[in-house]
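Here is how names work: the chains are called A, B, and so on, in the same order as the sequence lines, proteins then strands, and each is numbered from 1. Keep in mind that the numbers below use all heavy atoms, side chains included, and drop hydrogens, waters and symmetry copies.
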Amino acid sequence: MQTAVDTWTNSTTAPTSARLLEIFRSMMTARLLDEKLAALYRAGKIHGGVFLGKGQEALSAALGQALRRTDVFAPLIRDGAGRLAFGETVVEALRSCLGSPQGPMRSRDGNVHRGRPRDGYLPMISHLGAMISVVGGMLLSRRLRGRRGDIGATCIGDGGVSTGAFHEAVNLAAVEKLPLVIVVANNHYAYSTPIEKQTACRSLVDKAVGYGVQGHTADGTDIVDCCKVIGEAVNRARAGEGPQLVVAELLRLCGHGEHDDANYIDRRLKETTIGRDCLDVARETLQERNIMDAEAIAQLRAEITREIESAVQQVIKEGGPDPFAHDWCALATRRLADPPL
Amino acid sequence: MQTAVDTWTNSTTAPTSARLLEIFRSMMTARLLDEKLAALYRAGKIHGGVFLGKGQEALSAALGQALRRTDVFAPLIRDGAGRLAFGETVVEALRSCLGSPQGPMRSRDGNVHRGRPRDGYLPMISHLGAMISVVGGMLLSRRLRGRRGDIGATCIGDGGVSTGAFHEAVNLAAVEKLPLVIVVANNHYAYSTPIEKQTACRSLVDKAVGYGVQGHTADGTDIVDCCKVIGEAVNRARAGEGPQLVVAELLRLCGHGEHDDANYIDRRLKETTIGRDCLDVARETLQERNIMDAEAIAQLRAEITREIESAVQQVIKEGGPDPFAHDWCALATRRLADPPL
Amino acid sequence: MSITYLNAIREAQRHLLETDQRVLIYGQDVGLFGGAFKATKGLAEVFPDRVMDAPISEDAIVGTAIGAAIEGLRPIVEMQFADFSTVGFNQIANNAGAFFWRTGVPVPLTVRLPSGGTSGGGPFHSQSLEAVYAHYPGLVVMTPATVSDAYSMLIEAVTIDDPVIFCEHKYLYYHLKADTLEPETLPAGKARIARTGRDATVVTYSAMLHEVLEVAKELANEDVELEIIDLRTVKPLDTDTVIASVARTGRLLCAAEAWPWGGVSAEIIARIANEGFHLLDAPPRRVNAKDTPIPYHPDLWSIHRPAARSILLAVRELLRI
Amino acid sequence: MSITYLNAIREAQRHLLETDQRVLIYGQDVGLFGGAFKATKGLAEVFPDRVMDAPISEDAIVGTAIGAAIEGLRPIVEMQFADFSTVGFNQIANNAGAFFWRTGVPVPLTVRLPSGGTSGGGPFHSQSLEAVYAHYPGLVVMTPATVSDAYSMLIEAVTIDDPVIFCEHKYLYYHLKADTLEPETLPAGKARIARTGRDATVVTYSAMLHEVLEVAKELANEDVELEIIDLRTVKPLDTDTVIASVARTGRLLCAAEAWPWGGVSAEIIARIANEGFHLLDAPPRRVNAKDTPIPYHPDLWSIHRPAARSILLAVRELLRI
Ligand SMILES: Cc1ncc(C[n+]2csc(CCOP(=O)(O)OP(=O)(O)O)c2C)c(N)n1
Ligand SMILES: Cc1ncc(C[n+]2csc(CCOP(=O)(O)OP(=O)(O)O)c2C)c(N)n1
Ligand SMILES: [Mg+2]
Ligand SMILES: [Mg+2]
């Protein structure tokens, strides 16, 4: 790494096979689910848009897997894999994307804007950077109530780092020394905008020192490195060392949304290491390490495909909401709702 | 300095006597004007508040003096000295503070919210950090129109650095490599809030590397150091090296406003170098360097006092606005004003 | 004993901290310093963990409070001035406002906005932003006008499971005093008839109530009796109380310190014009601030905002007297 | 030839860039990519210096544009969605809005807000924020409803010396087409009578115009003739045109896609109730979106927003037919 930041860390803790396997399963599921979502979108079954995580599954799943169910997780657009690793089911993901009234967002919100706050799983609002401080507040609350040991984790892109919301929230977390892991997926583009138009710094991890937090970098295409670096950051946060900023380098191997062909992505970048498909890399790693052979992987793939297909059938059968029976009250305190005008 | 940031710069260019003298004059004028404003406030002649710059005159004046009249300057709360050094007259400052209709803000805005945008002198809005991007936009505009050689300068406090506006604006300036000097007056408090509650970084200049801009630190109590460091930053900006972040250490030797006794400021801090009164330091420096002797300084002081007294007389005599004759139209395009309701 | 509007806000917060472990105060300088207006003075000494100084980061302050509220705390955010809430606007409107509707998880957050004009406040320390927040769904917006309401409504705000924007008026902080703190029995969402009368209904809230009361006193000398309604909450709006009053008086004037376009006055008139059209004997009117930024000079300011004098003129026109 | 509302916006910008060296387009992905909706497609190729990609920094984007405008440029900011302008709210409302009044120096800035609902847009990609901006002094707020207006009004917006909030409707982007781009002759601030009628006046703007036109067509079969007013600009509001129409019809309905509280409908009704009270033969009504965040599911969304069906019901109630 190019910077001389002394908070730089690089653990060598080797991830266990069990962890890699779990991560791999989430990655594979996310990839196949994304493909299905894209197909549903093209078939007109999903309105609005679908936003995919192709190429970012290793990083995302490594994070979701590193968390405990009592932790707080606020994923972002490209974190289908992390959501699954944190415990979301395929059915639940589909319910949100298809707008099912049985999903956690009850048809009111959907696609990537899904979560279950009561389970520490936060539904993002679209405004980039806005969820970071919310996670911070949850951690602060737990500290105040004497609940220790939980951490929070949240994701952002190279573009989202330019928001004032990111700055304020990371700074506040540092001041309060909150156990927060912020994972920046530097996929070198924010929609079509290349990173040179987003920041002039040499590496986004150079921001760590300015916030007084610990910084880490990871190869976002390598399941093992993601697992190690994120594991390390999570451990440090849990140990009370304050916020951890993880910057992973990778590429988005798809459009910003299914509508976008991403032809703005520099071909030369695609040919570098960060242009690798993390799922291929993971597959090879698992085979090399004799965790899974090609046949087992193919079997897993088939199994997941079946799971997704049956989930799609189920969710489509469940049907949409009844707009006339819908409860149009934005307040928890019903008596304070203004009468309909 | 504690960081290993390689953009660290420390010029040894010695400031000329003429520059020091100009800076000193602005410092002294600002100090005496502040005292007068405080008295006017206590006498009920100024409503709302007065915000003083005591202890920050060297830094502020050094900046104002380093700029050309064609540059852009967006001072903040404690920049009375810099405003004068940039060309504001005592009469004009008083007109704004007393709400004179002949002042540049024509009774509509006042105290520190004053300026003359056509002269490159921007009137702050209260929201901290908001003016930085505006200066950036002016510089961008000049670049687009082929006007080269001008720079922009703006000031912020240790507290203002926590705003999202600061982050977005500095980052944008770095991306566009704008000739912008951002001077952070780290007086260790934001109103009553100590810097430990504002940031966890070791030095605010550590933020420079994260934005990819050049960082500098100065002893804000030392006229010579301020002059050197700011001169260097201004030169680099003008030479096309992009944004320059100057962080100066000092203390505010007064309350946040005249209403505040600042008893929250740590006594021990006051006893360190940063607790020195920059005006005393400057006086000694000028005497040591044989630029001015004690008598000349006393004379200067008397002269400035007379200037201020006569300006106060004049501005008070000019009187206030006629509210019934006032033009209540918020738009430049009169025909598009909504009729009064 | 004499208690100011500001004291009432402090005492409400003290009471809340004392009686509810979940209450947390968060904002710039609210700790040992006691806040820019001293609304939290003396509280950090007693509750050091639950009265916390924040950095100058309105977006993150509100976001943090949302997170704390989701987890079951009852945070009170103090904005240093209402005007600075524009920097935290997105978190309030889009995150706090939509959260319950989207997820079913309540966000019991109170945002205190020191609002309204004072002499010399100028364009950025004088704003009344109730309309901006009331326009967004999912928020309750309170605008207490009396010492008792400042106390009781703040306590109520914190017990409400939804985000409450609590617009407290800076002019009333020191100017408004009461002998005792009578606990208010009207719940949020209910307006109060601050004065009964037969000739016209004047609907108002916050500091303007006191201007209108002055007008009523003056007109009483001419045997004109104004009925005055203090809205207390501007979202929800207690249209019923207003309609019932207009049914008695036949005439409606709304007086509010905020800018006119889309303000509380416009909303009230739109409702009464619709629901109480046939009760009106004359066109409903409004008096608002002028549609410009709020001026710094005291003489301009006192013309810019509505005051007894301009309200009196409007009432005379309404009554054709 | 057939030109969409979106094409019109692009062509207006092309025309502006071609004819005025001071015009600059700034926003996320507006450069070679041509913008999230392709409203700037092909422009960066021709004007590489004046069509600039911005970082994800709405506050700084607007601040930068203000600076450029002060210096004499004519920046057009594209927000990726209107909803994200809440993050740049402070710069728009407090810095741009107050600047001319405070300093006498104009800020000729245009902020394009891709507004309004589309199927599946959800709570944060569907908002109509005209009322929030119209409440603040110092801003002009435009809401074009037709292809010609999208073109002509955008050109006019950029020539205006004040900050203009240009609310263009995303639903109309592709759905609305015209055969030619007829230059509009009505200036900003003037409403258009989109259809003449005798039985009731329906005031609307932006995408809702087309829903209302549908209703009018349907009612024409029953020999009911609606007069339809397309406001075009919501600040300033052309009250005169509305009053003149109400004078003819005696009945008023306002239909708007935004939330009800303090919206354009409320403001219109408040004005007509005041200035045109005696012209009204029935209580003025409004139809707005429901007061909740905008739902994601298409079926909920189509009930949440006003549409021909709900507007028709309201008109029937207004006319008691
Ligand atoms: C405040 C804000 N501005 C604009 C957008 C629109 N937007 C959605 S995603 C995106 C690009 C995000 O880029 P990055 O953060 O790098 O994440 P990536 O898409 O590359 O994963 C933009 C501009 C937004 N969601 N929020
Ligand atoms: C966005 C915003 N929030 C809050 C305030 C209120 N405020 C005015 S000055 C100040 C303290 C500023 O501290 P600092 O930036 O360190 O500057 P100093 O006063 O020390 O010179 C605060 C909180 C403000 N002006 N803007
Ligand atoms: Mg990216
Ligand atoms: Mg400070």
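- Side-chain contact check for C:E58 and C:Q28: at least one donor-acceptor pair (N or O, by modelled atom type) lies under 3.5 Å.
- Neither the backbone nor the side chain of C:L252 comes within contact range of chain D; no heavy atoms are under 4.5 Å apart.
- There is no contact between C:Y296 and chain D, counting heavy-atom distances below 4.5 Å.
- Neither the backbone nor the side chain of D:A93 comes within contact range of chain C, judged by heavy atoms closer than 4.5 Å.
- Side-chain contact between C:M208 and C:V287 is absent, with no heavy atoms from C-beta onward closer than 4.5 Å.
- The residue among D:A273, D:P283, D:A270, D:A289 with the most heavy atom pairs within less than 4.5 Å of chain C is D:P283.
- Residue contact with chain D, scored on non-hydrogen atoms closer than 4.5 Å, involves the backbone of C:A282 exclusively.
- Side-chain contact between C:L231 and C:V242 is present, with at least one heavy-atom pair separated by less than 4.5 Å.
- Interface summary for chain C: among D:N90, D:D59, D:I269, D:I272, the most heavy-atom pairs under 4.5 angstrom belong to D:N90.
- Nearest heavy atom pair, residue C:A96 against residue C:I66, reads N-CD1, 3.5 Å.
- Looking only at distances, no side-chain donor or acceptor of C:S126 sits under 3.5 Å from a matching main-chain atom of C:G116.
- There is no contact between D:I268 and chain C, counting heavy-atom distances below 4.5 Å.
- C:W259 touches chain D through backbone and side chain together, each having a heavy atom under 4.5 Å away.
- Taking the side chain as every heavy atom from C-beta outward, C:Y136 and C:I92 never approach each other to under 4.5 Å.
- Both the backbone and the side chain of C:L280 have a heavy atom closer than 4.5 Å to some heavy atom of chain D.
- Using a 4.5 Å cut-off between heavy atoms, C:R286 contacts chain D through its side chain alone, with no backbone atom that close.
- Neither the backbone nor the side chain of C:E275 comes within less than 4.5 Å of any heavy atom of chain D.
- Top candidate by heavy-atom pairs under 4.5 Å with chain C, chosen from D:K290, D:R271, D:Q91, D:Q127, is D:Q127.
- Residues C:N95 and C:V62 fail the side-chain proximity criterion, which asks for heavy atoms closer than 4.5 Å.
- The parts of C:A131 that come within reach of chain D are both its backbone and its side chain, each placing non-hydrogen atoms under 4.5 angstrom from that chain.
- Only the backbone of C:P260 has a heavy atom closer than 4.5 Å to any heavy atom of chain D.
- Across C:H278, C:R102, C:R285, the residue that shares the most heavy-atom pairs under 4.5 angstrom with chain D is C:R102.
- Ranked by heavy-atom pairs under 4.5 Å with chain D, the first of C:G138, C:G122, C:G263, C:P123 is C:G263.
- Comparing D:W261, D:F277, D:F89, D:W101 by how many heavy-atom pairs each has under 4.5 Å with chain C, the most go to D:W261.
- Using a 4.5 Å heavy-atom threshold, the side chains of C:E257 and C:S206 count as separate.
- Heavy atoms of C:D83 lying under 4.5 Å from chain D belong exclusively to its backbone.
- In this structure, C:C167 and C:Y133 have side chains that are not in contact, with every pair of non-hydrogen atoms separated by 4.5 Å or more.
- Remark: the backbone N or O of C:A258 is paired with a side-chain donor or acceptor of C:N288 at under 3.5 angstrom.
- A salt bridge is defined here as a Lys NZ or Arg NE, NH1 or NH2 lying under 4.0 Å from an Asp or Glu carboxylate O, and D:K235 with C:D291 meets this definition.
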